[in-house]
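Reading through the structure tokens given below for one structure.
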Amino acid sequence: MTHPFVNNDFYDILDNRRSIRVYDEDVKIPKEEMDAMIKEAAKAPSSVNMQPWRMVVVESAEGKDTLRPLIRFNTKQNDTSSAMLLIFGDLECYKYGEMIYDQAVSERKMPEEVRDQQLQTIVPLYESLPTNVMSDIVKIDSSLFAMQLMLVARAYGYDTNPIGGFEADQLAEAFNLDPKRYVPVMILSIGKAKETGYESVRLAPEVISEWK
């Protein structure tokens with residue numbers, strides 16, 4: 001049963017979510033279209049709007065050759081997808097705080113006094129947090145971005161597969177990122193499905209939730 005106030009396209013996107021592992025190798029997503037999807041996905045929420053997600057779009061043969069030994073159990077996605085999207089969380093995302101809040105002021109989405117208070121309070125707080133706490137924050141926020149990107153990609157007619165099986169301790173350095181700053185969150189393969197993939201079942205609401 002669909003809700004009368006929700007666009008049916010939304011349900012189509014959810015109903016068509018499948019685990020895709022083999023893509024049409026002839027389909028390449030243009031950079032302009034990829035940028036548009038990333039821009040839409042970046043509207044995802046994040047703690048104090050620090051937007052800690054960072055991404056490496058691996059689409060070249062050289063890039064995929066670099067990635068292949070780091071995802072030994074997911075090479076089909078790597079070899080056939082339009083791109084592999086490496087999503088990281090930036091432990092020093094607060095360095096963009098001034099840029100973010102200044103833009104919010106310039107677009108009249110935040111008063112100057114609120115910006116100043118945010119910068120004086122939140123940035124020092126983030127700087128002082130232990131690495132493990134900061135890691136949890138950026139992983140949660142970056143996961144919200146990743147899920148939104150999957151839904152956006154589906155709306156654009158592409159398929160995705162979230163991948164957690166990779167050499168997390170080697171990923172950042174392999175793509176010239178500082179491993180002390182950038183925390184691997186997940187990898188998304190993206191492209192046009194060549195195989196239908198398989199459907200999976202979900203636990204019922206009464207199993208996963210409680211009412212008090």
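Just so it is clear, the model here is predicted, and its values are computed rather than measured. In what follows, residues are counted from 1 in the order of the sequence shown.
For Arg54 and Tyr96, the positive end sits near the middle of the six-membered ring, less than 6.0 Å away and at most 45° from its axis.
Judged purely by distance below 3.5 Å, without hydrogens or angles, the side chains of Glu40 and Tyr156 never pair a donor atom with an acceptor atom. Counted by atom type alone, Asn49 and Gln51 present one or more donor-acceptor pairs between their side chains at under 3.5 Å. There is a side-chain donor-acceptor pair under 3.5 Å between Ser189 and Tyr23.
Note that CG of Asp116 is 8.0 Å distant from CD of Glu113, once rounded to the nearest 0.5 Å. Here Met84 contributes atom CE and Met55 contributes atom CE; the two are 12.5 Å apart, rounded to the nearest 0.5 Å. Taking CD1 of Ile163 as the reference point, atom CG of Leu67 lies at 8.0 Å (rounded to 0.5 Å). The CG atom of Asp65 sits 8.0 Å away from atom OG of Ser60, with the distance rounded to the nearest 0.5 Å.
Side chain of Thr66 to backbone of Glu62: a donor-acceptor contact under 3.5 angstrom is found. Between the side chain of Ser135 and the main chain of Thr131, no donor-acceptor pair closer than 3.5 Å is present. In this structure a side-chain-to-backbone donor-acceptor pair under 3.5 Å is present from Ser82 to Val27. Judged by distance alone, the side chain of Ser106 and the main-chain N or O of Gln103 form a donor-acceptor pair under 3.5 Å. Although no hydrogens or angles enter the test, the distance criterion places a donor-acceptor pair under 3.5 Å between the side chain of Asn74 and the main chain of Gly165.
Taking 4.0 Å as the cut-off between side-chain N and carboxylate O, Asp79 and Lys64 do not count as a salt-bridged pair. Ion pair Asp26/Lys192 not flagged as a salt bridge, since none of the NZ, NE, NH1 or NH2 atoms sits closer than 4.0 Å to an Asp/Glu carboxylate oxygen. Using a cutoff of 4.0 Å between basic side-chain nitrogens and carboxylate oxygens, Lys139 and Asp136 are not scored as salt-bridged. Lys31 has a carboxylate O that lies under 4.0 Å from a charged side-chain N of Asp35, or vice versa, which qualifies the two as a salt bridge.
Relative orientation of the Tyr182 and Phe88 rings is perpendicular, given thresholds of 30° and 60° on the angle between their planes.
In the displayed structure, Glu173 atom CD is contacted under 6.0 Å by at most 12 heavy atoms of other residues, nucleotides or ligands. Annotation: Glu167, atom CD; neighbour count of heavy atoms from other residues, nucleotides and ligands within 6.0 Å is above 12.
Counting only heavy atoms from C-beta outward, the side chains of Met34 and Met37 approach each other to under 4.5 Å. Residues Val138 and Asp90 form no side-chain contact, since every pair of their non-hydrogen atoms from C-beta on lies 4.5 Å or further apart. Taking 4.5 Å as the limit, some side-chain heavy atom of Gln148 sits within range of a side-chain heavy atom of Lys43. With contacts defined as side-chain heavy-atom distances shorter than 4.5 Å, the pair Arg154/Asp159 qualifies. With contacts defined as side-chain heavy-atom distances shorter than 4.5 Å, the pair Pro184/Leu86 does not qualify. The shortest side-chain heavy-atom distance between Ile187 and Val58 does not fall under the 4.5 Å cut-off. Asp141 has its side chain out of reach of Met50: every pair of non-hydrogen atoms, C-beta onward, lies at least 4.5 Å apart. Considering only heavy atoms from C-beta on, Ile122 comes within 4.5 Å of Tyr101 through its side chain.
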| field | Tyr126 vs Ile137, side chain to side chain contact (heavy atoms under 4.5 Å, CB included): CA-CA, chis, key distance, verdict | value | CA-CA 10 Å; Tyr126 266 41; Ile137 292 172; 3.8 Å; yes

| task | Show your working on side chain to side chain contact (heavy atoms under 4.5 Å, CB included) between Lys194 and Thr80 and close with a plain yes or no. | result | CA-CA 9 Å; Lys194 190 172 184 178; Thr80 63; over 6 Å; no

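Nearest heavy-atom pair across Met134 and Cys93 is CE-SG, 3.6 Å.
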